[in-house]
Enquirer: 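Quick one: this structure, given as structure tokens, is what I'll be asking you about.
Remember, it's 1-based here, ligands and their atoms both numbered in the order they're listed.
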Amino acid sequence: MALKQNHLLDIASLSKEEIKEYLNLGLNLKEILYRPIPKVPTLRGKLIIHLFYEPSTRTRFSFDRAAKVLSADTLAFTAKGSSIEKGETLLDTVKNLEAIGADLFIIRHPLAGAPHFIAKHSKVPIVNAGDGTHEHPSQALLDLLTIKEKLGTLSDLKVTIIGDIKHSRVAHSDILAFQKMGSSVYVTGPAPLLPDPKEESYFRLSEKTFKICYNLRKTIKDADVIIALRIQKERHGKALIPSFQEYYEFFGLKPQYLDIIKPGAILMHPGPINWGIELSPELEKYPFQVILDQVENGVAIRMAILLKLLTGEKTYEVTY
Ligand code: NCD
């Protein structure tokens, strides 16, 4: 069946139905990862190219793992050592890699909108693996999948996101995704790292589902999901917070908050974590943190993304 949107560029342009399709497909495909031989022939002969212009561990490796479980071939492009150093543009690089046989590109780029620009010109599906401070849709989808698994629902939840909301593409995708699924999002952090008043209308999808708060304790008190974020210092341009110690003091999550956190709530972090800044290292041992479950679900959701964009499938027929 033909697809309405043959790219995954952002959460903003996805409907609730489309989000649900990715999640159902991800849940369906996850089982393959636990087989004695976690490999199916579904994408045999397809070539997936990683175009990463920024560092990545989780996102790149889990897309690669997802591709290989589905039997696709992968090639990784790294700006260093490529014709970029000779002045080739992103668009020319993409056109040449298409001529080499790419069936899908996974793009991470420091410029917001780079994957959208490429999608306008490319013949094959584009997946945004993080574009500057804009969006990181596959991260939001894996966060939703993890919450659905842990809490059984994605609606009527209170989700609290702490930290560098302004510069975090994960926060931007999450804020939109949770509201689209029927939950409310509360964001908190140092004032210079919170969205500007003029940006609020972009994030607020309905009157009551998005709130900016200044008191950490109040914001985490009755949250079902708490998400801590890394400070995106590389994107600030100038010092926006006095020091990491001060950030930890006021916005770092510590065991002392366990008394006020709702029983059954879960703690998430997209990684990479700076222990002792966003989270106390002591929190690692508490089972309410589901950070590695997020990473595991990242592989399943990325299998769903590749399968849906390359074949149009919305369900997966089990093949051994
Ligand atoms: C994030 C990213 O690159 O946007 N990491 C990830 O993909 N899980 C978050 C970050 O860099 O802080």
Side-chain angles (χ1 to χ4, degrees), residues 8-12 22 26 50-67 76 78-79 105-116 126-147 159 161-178 187 189-190 193-195 225-237 240-241 244 247-248 251-253 266-279 289-306:
L8 176 62
L9 298 176
D10 48 43
I11 296 291
Y22 280 117
H50 302 288
L51 273 177
F52 277 64
Y53 288 79
E54 267 194 4
S56 172
T57 304
R58 276 152 294 272
T59 305
R60 192 174 126 187
F61 280 94
S62 67
F63 266 118
D64 203 56
R65 169 83 173 140
T78 30
F105 290 102
I106 300 166
I107 302 185
R108 170 168 285 194
H109 201 281
L111 289 179
H116 302 68
I126 302 295
V127 178
N128 177 5
D131 61 326
T133 59
H134 177 226
E135 277 222 39
H136 191 349
S138 64
Q139 179 71 40
L141 293 174
L142 75 89
D143 287 349
L144 291 176
L145 187 63
T146 307
I147 296 167
V159 181
I161 310 182
I162 307 165
D164 194 352
I165 312 297
K166 195 176 169 62
H167 305 93
S168 164
R169 54 198 177 201
V170 174
H172 300 165
S173 289
D174 274 352
I175 290 169
L176 297 173
F178 293 128
V187 298
L193 303 184
L194 294 175
V225 178
I226 301 170
I227 302 177
L229 299 170
R230 185 179 68 84
I231 297 173
Q232 309 283 303
K233 214 177 168 200
E234 73 277 20
R235 306 194 198 278
H236 290 185
L240 292 179
I241 54 166
F244 285 134
Y247 180 85
Y248 182 61
F251 290 98
L253 282 177
I266 54 171
L267 169 66
M268 301 168 78
H269 192 302
I273 303 173
N274 292 300
W275 294 103
I277 300 175
E278 300 103 64
L279 301 177
Q289 66 85 1
V290 296
I291 297 165
L292 291 179
D293 300 83
Q294 289 174 265
V295 180
E296 203 176 321
N297 281 328
V299 180
I301 209 70
R302 286 164 179 138
M303 286 164 69
I305 294 167
L306 299 178

Enquirer: Do the two ring centres, one from His172 and one from His136, sit under 6.0 Å apart?
Expert: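 For His172 and His136, the ring centres are not under 6.0 Å apart.
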Enquirer: Show which atoms of ligand 1 fall inside a sub-4.0 Å distance from at least one heavy-atom site of Thr59.
Expert: 6 (C), 7 (O)
Enquirer: Counting each atom of ligand 1 from 1 as listed, which ones have a heavy atom of Arg108 under 4.0 Å away?
Expert: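 Answer, ordered by atom number: 2 (C), 3 (O), 7 (O).
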Enquirer: For the backbone of Pro115 and the side chain of Asp131, can you confirm whether one donor and one acceptor N or O come within less than 3.5 Å of each other?
Expert: no
Enquirer: For atom 1 (C) of ligand 1, what is the nearest protein heavy atom, given as residue, atom name and distance?
Expert: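 Scanning the protein heavy atoms, the shortest distance from atom 1 (C) of ligand 1 goes to Gly271 O, 3.6 Å.
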Enquirer: Decide whether the shortest distance between a heavy atom of Ser56 and an atom of ligand 1 is less than 4.0 Å.
Expert: no
Enquirer: Compute whether any side-chain donor of one residue and acceptor of the other, for Asp64 and His50, lie under 3.5 angstrom apart.
Expert: yes
Enquirer: For atom 4 (O) of ligand 1, what is the nearest protein heavy atom, given as residue, atom name and distance?
Expert: Arg169 NE, 2.7 Å
Enquirer: Within 45° of the axis and under 6.0 Å from the centre of the six-membered ring of Phe63, does NZ or CZ of Arg302 qualify?
Expert: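 Here Arg302 passes the 6.0 Å and 45° test against Phe63.
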Enquirer: Determine whether the side chains of His236 and Asp164 contain a donor N or O and an acceptor N or O closer than 3.5 Å.
Expert: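 Indeed, the side chains of His236 and Asp164 share at least one donor-acceptor pair under 3.5 Å.
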Enquirer: In ligand 1, which numbered atoms sit nearer than 4.0 Å to a non-hydrogen atom of His136?
Expert: 2 (C), 4 (O), 6 (C), 7 (O)
Enquirer: Heavy atoms only: which of Gly298, Pro270, Gly163 is nearest to atom 8 (N) of ligand 1?
Expert: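 Closest candidate by heavy-atom distance is Pro270.
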Enquirer: Which distance, rounded to the nearest 0.5 Å, do you find between the CG of Leu142 and the CD1 of Ile147?
Expert: 9.5 Å
Enquirer: Does a side-chain heavy-atom distance below 4.5 Å link Ile273 with Glu278?
Expert: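 Of all side-chain heavy-atom pairs linking Glu278 with Ile273, at least one is under 4.5 Å.
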Enquirer: Does some non-hydrogen atom of Glu54 fall short of 4.0 Å from ligand 1?
Expert: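 Per 4.0 Å heavy-atom rule, Glu54 does not contact ligand 1.
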Enquirer: I'd like to check which ligand 1 atoms, numbered from 1 as shown, lie under 4.0 Å from a non-hydrogen atom of Arg230.
Expert: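 Listed by number with element, the hits are 10 (C), 11 (O), 12 (O).
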Enquirer: Show the atoms of ligand 1 that are less than 4.0 angstrom away from any heavy atom in Gln232.
Expert: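 Those atoms are 10 (C), 11 (O), 12 (O).
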